[in-house]
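Atoms within a ligand are numbered from 1 in the order they appear, just like the ligands themselves. Hydrogens, waters and symmetry mates are skipped; everything else that's a heavy atom, side chains included, is used. For the single chain, residues carry numbers from 1 onward in sequence order.
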Amino acid sequence: MIEKLKAEELWDILIIGGGATGLGIALDAVTRGYKVLVVEQSDFAKGTSSRSTKLVHGGVRYLAQGDVALVREASKERGLLRKNAPHLVKNQTFVIPVYSWLDKIKYGIGLKIYDWIAGGLSLGSSVLISRDQIIQALPEVVTRRLKGGVKYHDGQFDDSRLAINLVQTIIEQGGSAVNYMKVVSLLKDARKVCGAVLQDEESGDSFSVQAKAVVNATGVFVDGILKMDDPAARNSVVASQGIHLVFDRSVYSSEHALMIPKTSDGRVLFAVPWHQEVVVGTTDTLVGAPSMEPEALEEEINFILNTASQYLTKSLTRKEIKSIYVGLRPLAAPQEGSQKSKEISRSHKILHSGSYLFTIIGGKWTTFRKMGEDLVDDVEKTLSWPRTISVSRSFKIHGYREEVDWKDPLYFYGSDSEAIRKNLPDENDWLSERLRIYRGQVDWAVRHEMARTVEDFLARRTRALFLDAEESMRMAPEVAMLMAASLGKDKAWAAQQVLAFNTIAEKYKL
Ligand SMILES: Cc1cc2nc3c(=O)[nH]c(=O)nc-3n(C[C@H](O)[C@H](O)[C@H](O)COP(=O)(O)OP(=O)(O)OC[C@H]3O[C@@H](n4cnc5c(N)ncnc54)[C@H](O)[C@@H]3O)c2cc1C
């Protein structure tokens with residue numbers, strides 16, 4: 001990839017940021033025939049895109065807020081993504097327990113509207129369920145004053161695995177995507193942005209690339225790039241963090257997800273079964289400068305423990321927490337002189353600078369493809385390029401497979417799983433039996449998925465760090481040795497990798 005990157009004289013579109021947004025743009029652009037380069041300063045999906053609630057959803061919350069246009073767009077994208085990446089997007093049932101008859105009517109009608117908005121791309125009809133049915137579906141639900149509930153369908157996915165499959169798709173279509181490649185400054189020609197200076201974060205080398213269009217898709221980091229373009233640019237976003245606690249399934253045995261539309265302080269709370277654990281979240285806390293490894297605050301952990309314990313009989317305690325992960329959402333920065341910050345609508349927004357730097361903010365994982373389509377349309381229009389038609393809405397993503405055995409430990413590789421399985425010495429060659437990760441996955445991740453560090457493998461090629469931080473630390477030394485063999489590195493490299501991984505993993509443990 002790096003050789004190709006150095007050899008290319010002029011790219012059509014250079015995309016800065018290898019999260020959901022940047023990859024969605026690259027997917028749409030490359031499948032229209034553009035010469036595309038995506039550069040990511042760290043690993044693909046290292047930022048917010050590996051730290052979501054893992055939902056591909058229309059957004060029941062946005063419906064409650066009256067944002068029907070966003071729910072319609074997201075529901076449509078949910079359906080398309082399930083068609084294009086069925087190996088990663090699961091049809092998940094959600095249950096809302098209700099404790100008053102009024103809520104039962106309100107949520108029952110609301111969810112019918114939710115089904116109706118999704119139309120032909122609905123994942124299944126919502127139904128009202130009785131008190132007995134809900135107790136059967138969610139054995140751990142608090143039953144005092146329980147009046148029944150509503151059952152509905154949404155999508156559930158693995159965020160960083162989708163990012164890796166998108167990178168593979170982009171490359172298969174002739175595009176280029178490189179991790180550990182940071183944009184350190186922008187190039188300008190007659191005051192128009194025409195490329196960037198890149199720094200290879202592994203070798204320290206830097207070099208320039210030229211592009212007809214440059215896109216800033218760096219999530220909470222957009223202001224850093226905007227200031228490279230214009231040092232006087234005012235801040236456009238501030239970061240608000242959301243944490244998730246991951247628990248052992250012993251505290252939550254149901255296959256259905258739990259959804260609380262309105263907690264005591266007006267937030268939404270989810271408990272979603274994910275791989276062999278359950279993810280509970282999230283929070284919304286304004287933080288200062290964005291960081292690549294944000295940390296959970298005590299009050300956020302307490303909020304989730306206390307709130308979940310109001311709805312679940314097995315009260316959740318710190319002892320059962322297997323991992324804590326934190327993501328940052330961009331909020332619209334307050335205007336000069338104002339103290340308020342208001343959340344950017346989850347619908348996305350495209351900004352143009354005077355020097356034709358394109359910046360995209362907002363959106364959700366669910367709408368990544370549509371964001372890509374809109375951005376590429378906008379580039380064509382703004383730069384007066386000949387108009388092309390987006391084909392990404394029906395483009396199958398790498399790993400595509402219709403029949404999925406969700407119990408297979410290798411299910412998330414989709415059509416790649418046979419090749420991986422063929423290279424396993426036997427079906428018991430576990431790196432972690434608890435997390436059902438094989439040794440053979442390490443070499444695959446290095447050779448086919450651009451894993452460069454132990455963290456890449458344990459956090460985003462597999463989800464060990466997010467599922468069980470302690471267990472991932474136990475695995476790290478062996479992963480380092482296996483990776484060193486695949487990458488041709490020495491023991492010193494392996495030792496340094498373990499140290500670096502453990503420093504990060506400590507933040508995922510209590
Ligand atoms: C707590 C939480 C829960 C969420 N849950 C859901 C959900 O369940 N479903 C859903 O649909 N959406 C969800 N979202 C929203 C979704 O996760 C985000 O919309 C999406 O991940 C944002 O992707 P992004 O690419 O814009 O940002 P990011 O993923 O942060 O990517 C930006 C990338 O730019 C890179 N970068 C920065 N500077 C440079 C540079 N100079 N050079 C090169 N690269 C650079 C960063 O390293 C980073 O990887 C959630 C968000 C949060 C915060």
Side-chain angles (χ1 to χ4, degrees), residues 14-26 37-59 61-62 70 73-74 77-78 81 89 92 154-160 162-163 166 177-186 196-199 201 214-228 237 239-244 257 268 270 272 274 279 281-285 287 290-294 296 300 325-331 343-344 346-348 359-372 375 460:
L14 165 65
I15 299 153
I16 313 169
T21 308
L23 296 173
I25 297 163
L37 168 63
V38 190
V39 288
E40 164 55 51
Q41 65 177 358
S42 176
D43 187 25
F44 301 113
K46 162 80 181 181
T48 307
S49 298
S50 55
R51 301 153 187 270
S52 76
T53 313
K54 324 297 177 203
L55 303 179
V56 180
H57 59 158
R61 176 152 70 113
Y62 314 124
L70 175 58
E73 179 178 271
E77 290 302 315
R78 176 188 69 181
L81 188 57
V89 182
Q92 173 74 52
D154 241 329
Q156 196 265 329
F157 80 133
D158 187 318
D159 46 16
S160 70
L162 178 57
L166 286 169
V178 192
N179 52 1
Y180 298 100
M181 191 63 70
K182 179 175 184 168
V183 167
V184 288
S185 62
L186 298 175
V197 177
L198 309 181
Q199 183 171 302
E201 295 288 270
V214 178
V215 179
N216 174 10
T218 54
V220 283
F221 301 100
V222 288
D223 288 325
I225 306 290
L226 282 166
K227 284 189 168 57
M228 289 179 192
V237 300
S240 168
Q241 74 177 26
I243 77 155
H244 293 86
V268 174
F270 286 103
V272 186
W274 184 54
V279 174
T282 179
T283 53
D284 209 332
T285 315
V287 291
S291 120
M292 288 299 278
E293 273 302 340
E300 292 181 294
Y325 65 87
V326 187
L328 297 176
R329 39 178 99 75
L331 307 187
E343 191 170 346
I344 289 179
R346 294 297 161 92
S347 52
H348 51 280
T359 296
I360 180 159
I361 51 179
K364 354 197 271 163
W365 239 123
T366 309
T367 54
F368 80 100
R369 187 212 65 81
K370 181 67 166 68
M371 294 168 73
L375 192 284
R460 291 169 295 276

Inset, instruction - Look at atom 33 (C) of ligand 1 and find which of Lys54, Glu40, Met371, Met228 reaches it with the closest heavy atom. - result: Glu40

Legend entry - Derivation of the salt bridge (charged side-chain N to carboxylate O under 4.0 Å, His left out) call for Asp159 and Arg460: CA-CA 9 Å; Asp159 46 16; Arg460 291 169 295 276; over 6 Å; no

Legend entry - Heavy-atom gap Gly363 to ligand 1 smaller than 4.0 Å: yes

Inset, instruction - Check each atom of ligand 1 against the heavy atoms of Val39 and keep those under 4.0 Å away; list them by number with element. - result: 43 (C), 44 (N)

Inset, instruction - With heavy atoms under 4.0 Å as the rule, classify the contact between Leu328 and ligand 1 as side chain, backbone, both or neither. - result: backbone

Legend entry - Shortest reach to atom 27 (O) of ligand 1 by a heavy atom, considering only Gly219, Gly362, Pro330: Gly219

Legend entry - Residues which pass salt bridge (Lys or Arg N to Asp or Glu O under 4.0 Å) with Asp154, listed by chain and number, not counting sequence neighbours: Arg78

Inset, instruction - Quick one: list whatever passes ring-ring contact (aromatic ring centres under 6.0 Å, His included) with His244, sequence neighbours left out. - result: Tyr325

Inset, instruction - Please identify which atoms of ligand 1 are closer than 4.0 Å to at least one heavy atom of His244. - result: 1 (C), 3 (C)

Inset, instruction - Number the atoms of ligand 1 from 1 as they appear, then name those within less than 4.0 Å of a heavy atom of Ala217, with their elements. - result: 32 (C)

Legend entry - Check: Val287 and Leu328 side chains under 4.5 Å, non-hydrogen atoms: yes

Legend entry - Proximity flag Ile225 to ligand 1, non-hydrogen atoms under 4.0 Å: yes

Legend entry - contact_flag Gln241 ligand 1 heavy-atom lt 4.0 Å: no

Inset, instruction - Show which atoms of ligand 1 fall inside a sub-4.0 Å distance from at least one heavy-atom site of Gly327. - result: 53 (C)

Inset, instruction - Just jot down the ligand 1 atoms closer than 4.0 angstrom to any heavy atom of Arg329, in number order. - result: 1 (C), 2 (C), 53 (C)

Inset, instruction - Pick, from Ser49, Gly19, Gly18, the option with the minimum heavy-atom distance to atom 23 (O) of ligand 1. - result: Ser49

